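The structure presented is a predicted model; accordingly, all values stated were derived computationally and were not measured.
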There are 2 protein chains.
Amino acid sequence: MLETPRPDTLRSDARDNRERILAVARTAFGADGLGVPMREIARRAEVGPATLYRRFPTKEALVIEAFAEQMALCTSIVEDGLSDPDPWHGFCTVVERVCELHAGNQGFTAAFMAAFPHAIDFTTTREQTLRAVGELARRAKAAGHLRSDFVISDLLLVLQANSGVRAESPADALLAARRFAALQIQGFRASPGAPPLPPPARLPLLPVG
Amino acid sequence: MLETPRPDTLRSDARDNRERILAVARTAFGADGLGVPMREIARRAEVGPATLYRRFPTKEALVIEAFAEQMALCTSIVEDGLSDPDPWHGFCTVVERVCELHAGNQGFTAAFMAAFPHAIDFTTTREQTLRAVGELARRAKAAGHLRSDFVISDLLLVLQANSGVRAESPADALLAARRFAALQIQGFRASPGAPPLPPPARLPLLPVG
DNA sequence: ACGGTAGTGGAACACCCCGTCCGGTTAGCT
DNA sequence: AGCTAACCGGACGGGGTGTTCCACTACCGT
């Protein structure tokens with residue numbers, strides 16, 4: 001656990017390295033999940049392990065920084081959905097885009113669902129985003145298009161489920177995510193004759209595996 | 001990689017140990033996935049690592065033997081569905097029961113989807129089962145209840161997705177699986193106004209992770 | 001009862017991972 | 001040009017996992 005100076009006070013080459021590390025981490029974690037070793041990240045970034053650890057004192061820190069912008073993207077997706085005049089259309093767009101986002105970022109779902117001990121902002125952002133989704137769902141229900149027994153944790157359910165889908169290429173992953181999202185939307189749609197859903201379960205924030 | 005004599009020619013104590021190991025493996029892999037270490041299996045079975053490896057030359061072998069009966073159960077679930085006079089009802093039951101089965105056996109999905117190099121029967125059983133599902137789906141489509149753009153790999157998609165769902169207790173896992181299955185069925189149901197699904201993706205048989 | 005052999009448990013091997021530290025080197029800044 | 005921050009690469013410790021070695025044990029037929 002070394003010192004970590006503010007990124008903007010770094011020497012230019014150090015700054016470059018930092019950016020390269022983050023880029024590599026995003027690609028690697030996104031493609032192969034959080035299991036990618038730190039040394040592998042360092043190797044691909046053409047950097048020594050020590051450099052990596054000087055910039056990011058722990059793997060957790062690297063993961064959080066690497067996915068910070070995905071997290072922001074996630075939030076903005078939901079905000080876009082909220083600002084859609086048609087709440088059901090907004091809701092569908094959120095489901096689609098979130099599934100696609102997670103499809104291209106295998107590790108992100110794990111990070112998103114994980115209970116990182118040292119990432120307060122990550123956690124709070126997630127909570128806020130979920131609250132926004134709740135508001136969107138409320139409107140979509142009021143409009144009569146979202147089934148009335150939908151609950152927020154259903155979206156977590158779908159997210160977790162989507163993360164279980166593995167494809168053999170990024171292109172296939174995207175296809176699978178799109179098809180999956182479409183199926184979920186169909187399942188969420190309010191339809192008169194449909195039977196009610198079984199009761200929801202409590203979904204945990206799991207430790208990083 | 002040691003010799004592995006036929007189970008029925010074993011000495012009595014060895015036979016006992018073998019059974020205990022299998023029982024422990026089923027519970028452990030079922031509850032916590034294939035990540036459970038061999039040592040842990042041995043410890044819980046009150047057996048040394050060597051004993052474990054004398055009976056099952058590799059972890060893969062243990063996994064296959066442990067889930068052999070789940071595999072058979074899987075097959076019989078599909079056959080039950082096929083023999084249902086109402087193909088759509090049969091189809092729904094298959095989805096529900098398979099999701100529940102996989103919910104209680106975390107590791108099984110991984111094993112089911114995995115491309116085990118040395119498990120010919122496992123693979124062939126899976127293929128046969130999938131073919132049976134295909135026949136069931138054909139009938140359910142003909143009856144007009146299953147959406148016509150359903151393809152077999154959609155079931156694999158749902159299976160993979162279901163395996164991504166994690167709960168904090170077996171009871172919650174079952175609840176989550178039931179709710180998830182209900183959502184999927186709703187998505188699979190043929191409904192006149194529904195838009196067609198995006199194209200399916202090729203899903204791989206992944207190596208054991 | 002007894003001896004041979006299958007069976008056993010614990011230590012050990014080989015490998016991988018995270019995180020750390022250090023000697024010698026490079027590259028930015030002034 | 002020189003000072004210094006930053007870097008590289010390798011080695012190390014601690015922990016984990018799949019698998020094997022070996023001396024000992026306990027079963028079972030005679």
Whole-Å gap separating P (C:dT8) and CZ (B:Arg18): 12 Å

Separation of atom CD in A:Glu46 from atom C1' in D:dG9, rounded to whole Å: 15 Å

B:Asn17 vs C:dG7: side-chain N/O to OP1/OP2 distance below 4.0 Å: no

Which nucleotide in C:dG9, D:dG9, C:dC18 has an atom nearest any side-chain atom of A:Ala50: D:dG9

Main-chain N/O of A:Leu34 paired to A:Lys59 side chain as donor or acceptor, under 3.5 Å: yes

Side chain B:Arg39 and base D:dG16 donor-acceptor under 3.5 Å: no

Backbone N/O of B:Pro198 and side chain of A:Arg178: donor-acceptor pair under 3.5 Å: no

Presence of B:Thr51 side-chain N/O under 4.0 Å of C:dG7 phosphate oxygens OP1/OP2: no

By side-chain hydrogen bond (donor to acceptor under 3.5 Å, both in side chains) - contacts of B:Arg131 (at least two apart): none

Would you list the protein and nucleotides 26-30 of chain D atom pairs, both N or O, that sit under 3.5 Å from each other?
from   : atom 1 : to      : atom 2 : distance (Å)
D:dC28 : OP1    : B:Ser12 : N      : 3.0
D:dC28 : OP1    : B:Ser12 : OG     : 2.7

Residue met sooner reading DNA chain D from 5', once A:Gly48 and B:Met38 are mapped to nucleotides: A:Gly48

Ring geometry between B:Phe150 and B:Phe188 (parallel below 30°, tilted from 30 to 60°, perpendicular above 60°): perpendicular

Protein-nucleotide distance (B:Leu34, atom CG; D:dG18, atom C1'), rounded to Å: 14 Å

Side-chain donor/acceptor of B:Arg54 to base of D:dT19, under 3.5 Å: no

Below 4.0 Å: OP1/OP2 of C:dG19 and any side-chain N or O of A:Thr58: yes

From CA spacing to verdict: salt bridge (charged side-chain N to carboxylate O under 4.0 Å, His left out), A:Arg55, A:Glu65: CA-CA 11 Å; A:Arg55 291 294 150 257; A:Glu65 289 235 37; over 6 Å; no

Length of the CG-C1' vector between B:Asp16 and C:dT8, whole Å: 14 Å

Whole-Å distance separating the CZ atom of A:Arg15 from the P atom of D:dC7: 13 Å

Nearest-nucleotide pick for A:Pro49, side chain only, options being C:dC18, D:dG9, D:dG18: D:dG9

5′-ward residue of the pair B:Thr9/A:Lys59 relative to DNA chain C: B:Thr9

Donor-acceptor contact below 3.5 Å, side chain A:Ser153 vs main chain A:Leu156: no

Contact under 4.0 Å: B:Tyr53 side-chain N or O vs D:dT20 OP1/OP2: no

B:Asn162 and B:His102: side chain donor to acceptor below 3.5 Å: no

Touch class at under 4.0 angstrom, heavy-atom based, for A:Glu40 against every strand present: nothing

Parallel, tilted or perpendicular: ring planes of B:Phe122 versus B:Phe116, cut at 30 and 60 degrees: perpendicular

Value in whole Å for how far the P atom of C:dC17 lies from CZ of A:Arg43: 11 Å

Closest to the B:Arg55 side chain, choosing from C:dT8, C:dG9, D:dT17: C:dT8

